[in-house]
Amino acid sequence: PGATLAYTLLFNTLGENLLLRKVKNGYGHKTEWQYKLMTEPSPTYMRTTVSAHPVNIVQSPLYLVSNFLRENELTTRYEYRNMKLHKSGRGQLGFGKITKYSFSTNLYEDQEFETDATTYIHMPKYVRFRQNSTVLQLKTFTNALQQLNTGNYEKIMYHRVSNTLDDNIMEGRMITNSHEVDDYGN
């Protein structure tokens, strides 16, 4: 009687205990992931542009995969640019750019994304393969938004790629693909 009930909540400061670090397969081969916080000064994450309401470019204390190792050998490094956050309820939209560098092939893979200014749907813009500054292959996406015909009065928009242009500079060929989608998304 007359006792006060108290709760003590303990938080893991940086939440590292939930990150996948190492995995061994059935043959004993080890795969390892290394992480960095977006807020750490490093080339893993950079905020390079400013944005307008309701989308913000943020730098919050979230973990990002910085390196990928196989059998204790660094194989891939990741770099991220401009995390987009919708402040009016749509949450994280994605990164403006992701770069992956492969140490075994000495190749960079750049993926750039764009966000529609009306629906805030995040879409791929291009994928570029390069060796240092020499572009080897460029795949460009032409994006379209299409309204899904549900028969009701609701407005459901979805993203579709209407065209892709694959420019393989090393082989000297260019391939254009057109993608047709009906009113039902097929």
Side-chain angles (χ1 to χ4, degrees), residues 16 19-51 55-85 92-117 120-145 159-181:
E16 289 185 49
L19 298 175
L20 181 62
R21 296 278 183 189
K22 295 179 186 179
V23 173
K24 276 190 178 180
N25 67 10
Y27 297 106
H29 298 150
K30 185 172 67 172
T31 301
E32 186 177 348
W33 293 265
Q34 295 176 343
Y35 301 88
K36 290 212 178 190
L37 285 168
M38 285 172 73
T39 52
E40 285 182 39
S42 75
T44 300
Y45 179 76
M46 286 185 162
R47 190 175 152 187
T48 60
T49 62
V50 180
S51 60
V55 175
N56 255 10
I57 304 297
V58 296
Q59 188 166 359
S60 51
L62 298 173
Y63 281 101
L64 302 173
V65 173
S66 60
N67 294 311
F68 178 75
L69 295 89
R70 207 175 267 144
E71 293 298 316
N72 295 325
E73 182 182 333
L74 184 60
T75 59
T76 310
R77 181 182 67 226
Y78 295 91
E79 295 177 359
Y80 308 84
R81 301 288 176 269
N82 302 325
M83 167 61 94
K84 295 180 182 181
L85 176 73
Q92 292 180 352
L93 301 176
F95 293 100
K97 184 177 181 182
I98 300 172
T99 299
K100 182 170 73 171
Y101 174 70
S102 171
F103 287 91
S104 59
T105 61
N106 195 29
L107 288 178
Y108 290 88
E109 178 184 336
D110 300 318
Q111 300 176 30
E112 192 163 315
F113 302 88
E114 60 187 352
T115 304
D116 180 69
Y120 302 104
I121 295 174
H122 204 58
M123 303 171 280
K125 189 174 181 180
Y126 70 78
V127 177
R128 176 178 58 202
F129 294 92
R130 61 186 172 88
Q131 198 163 35
N132 297 320
S133 61
T134 305
V135 177
L136 306 174
Q137 184 175 4
L138 178 65
K139 187 170 191 174
T140 308
F141 301 94
T142 304
N143 296 297
L145 294 174
H159 159 252
R160 69 179 183 88
V161 175
S162 59
N163 291 304
T164 56
L165 174 64
D166 191 353
D167 186 2
N168 193 323
I169 292 132
M170 291 296 291
E171 295 178 6
R173 66 179 167 88
M174 191 177 293
I175 300 171
T176 302
N177 292 311
S178 295
H179 310 281
E180 296 293 325
V181 179

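Because only heavy atoms are used, hydrogens play no part in the values below, and waters and symmetry mates are left out as well, while side chains stay in.
In terms of heavy-atom proximity, V65 sits nearest to Y78 at O-CB, 3.4 Å. Shown here for R128 and L138, the closest heavy-atom pair between the two residues is CB-CD1, 3.8 Å. Residues N25 and Y27 share a closest heavy-atom pair of OD1-N, 2.9 Å. V23 and W33 make their closest contact through CG2-CZ3, 3.5 Å (heavy atoms, listed as atom of the first residue, atom of the second, distance). Contact between F113 and K84 at its shortest, heavy atoms only, is O-NZ, 4.5 Å. Between T140 and Y126, the shortest heavy-atom distance links the atoms CA-CB, 4.2 Å.
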Starting from the C-alpha separation in whole Å, work towards a yes-or-no answer on side chain to side chain contact (heavy atoms under 4.5 Å, CB included) for N106 and Y101. CA-CA 7 Å; N106 195 29; Y101 174 70; 2.6 Å; yes
Checking side chain to side chain contact (heavy atoms under 4.5 Å, CB included) for the pair Y108/N132: CA distance, chi angles, key distance, verdict? CA-CA 7 Å; Y108 290 88; N132 297 320; 3.9 Å; yes
What's the verdict on side chain to side chain contact (heavy atoms under 4.5 Å, CB included) for L37 and Y45, showing C-alpha distance, side-chain angles and the deciding distance? CA-CA 8 Å; L37 285 168; Y45 179 76; over 6 Å; no
Start with the C-alpha distance between Y80 and T44, add both sets of side-chain angles, then the distance that settles side chain to side chain contact (heavy atoms under 4.5 Å, CB included), and finish with yes or no. CA-CA 6 Å; Y80 308 84; T44 300; 4.0 Å; yes
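Distance check: T99 OG1 to R130 CZ gives 6.0 Å after rounding to the nearest 0.5 Å. Interatomic distance, D110 CG to K97 NZ, rounded to the nearest 0.5 Å: 4.5 Å. Atom CD of E79 sits about 13.5 Å away from atom NZ of K100, to the nearest 0.5 Å. Atom CG of residue D167 and atom OG1 of residue T176 lie 9.0 Å apart, to the nearest 0.5 angstrom. Note: F95 CZ to Q111 CD = 11.5 Å, rounded to the nearest 0.5 Å. From M174, atom CE reaches atom CG of N168 across 10.0 Å, with rounding to the nearest 0.5 Å.
Counted by atom type alone, S42 and K36 present zero donor-acceptor pairs between their side chains at under 3.5 Å. Side-chain contact annotation: N82 with T48, donor-acceptor N/O pair under 3.5 Å present. Between the side chains of N67 and Y35, no donor-acceptor pair is found at a separation under 3.5 Å.
Residues I169 and L136 fail the side-chain proximity criterion, which asks for heavy atoms closer than 4.5 Å. In this structure, L64 and E40 have side chains that are not in contact, with every pair of non-hydrogen atoms separated by 4.5 Å or more. In this structure, T75 and S104 have side chains that are not in contact, with every pair of non-hydrogen atoms separated by 4.5 Å or more. Using a 4.5 Å heavy-atom threshold, the side chains of Q92 and L62 count as touching.
Listed for the N143 side chain is no donor-acceptor partner under 3.5 Å among the backbone atoms of K125. The closest donor-acceptor contact from the side chain of S66 to the backbone of Q34 lies under 3.5 Å. Using a distance-only test at 3.5 Å, with no hydrogens or angles considered, no donor-acceptor pair links the side chain of T39 to the main chain of P61. Using modelled atom types, one side-chain atom of Q59 and one backbone atom of M38 make a donor-acceptor pair closer than 3.5 Å. Under a 3.5 Å cut-off, the side chain of S51 and the backbone N or O of I57 do form a donor-acceptor pair. The closest donor-acceptor contact from the side chain of E71 to the backbone of K30 lies under 3.5 Å. A donor-acceptor contact shorter than 3.5 Å is absent between the side chain of S102 and the backbone of L107.
For R70, the CZ atom is loosely surrounded, since the number of other residues' heavy atoms within 6.0 Å does not exceed 12.
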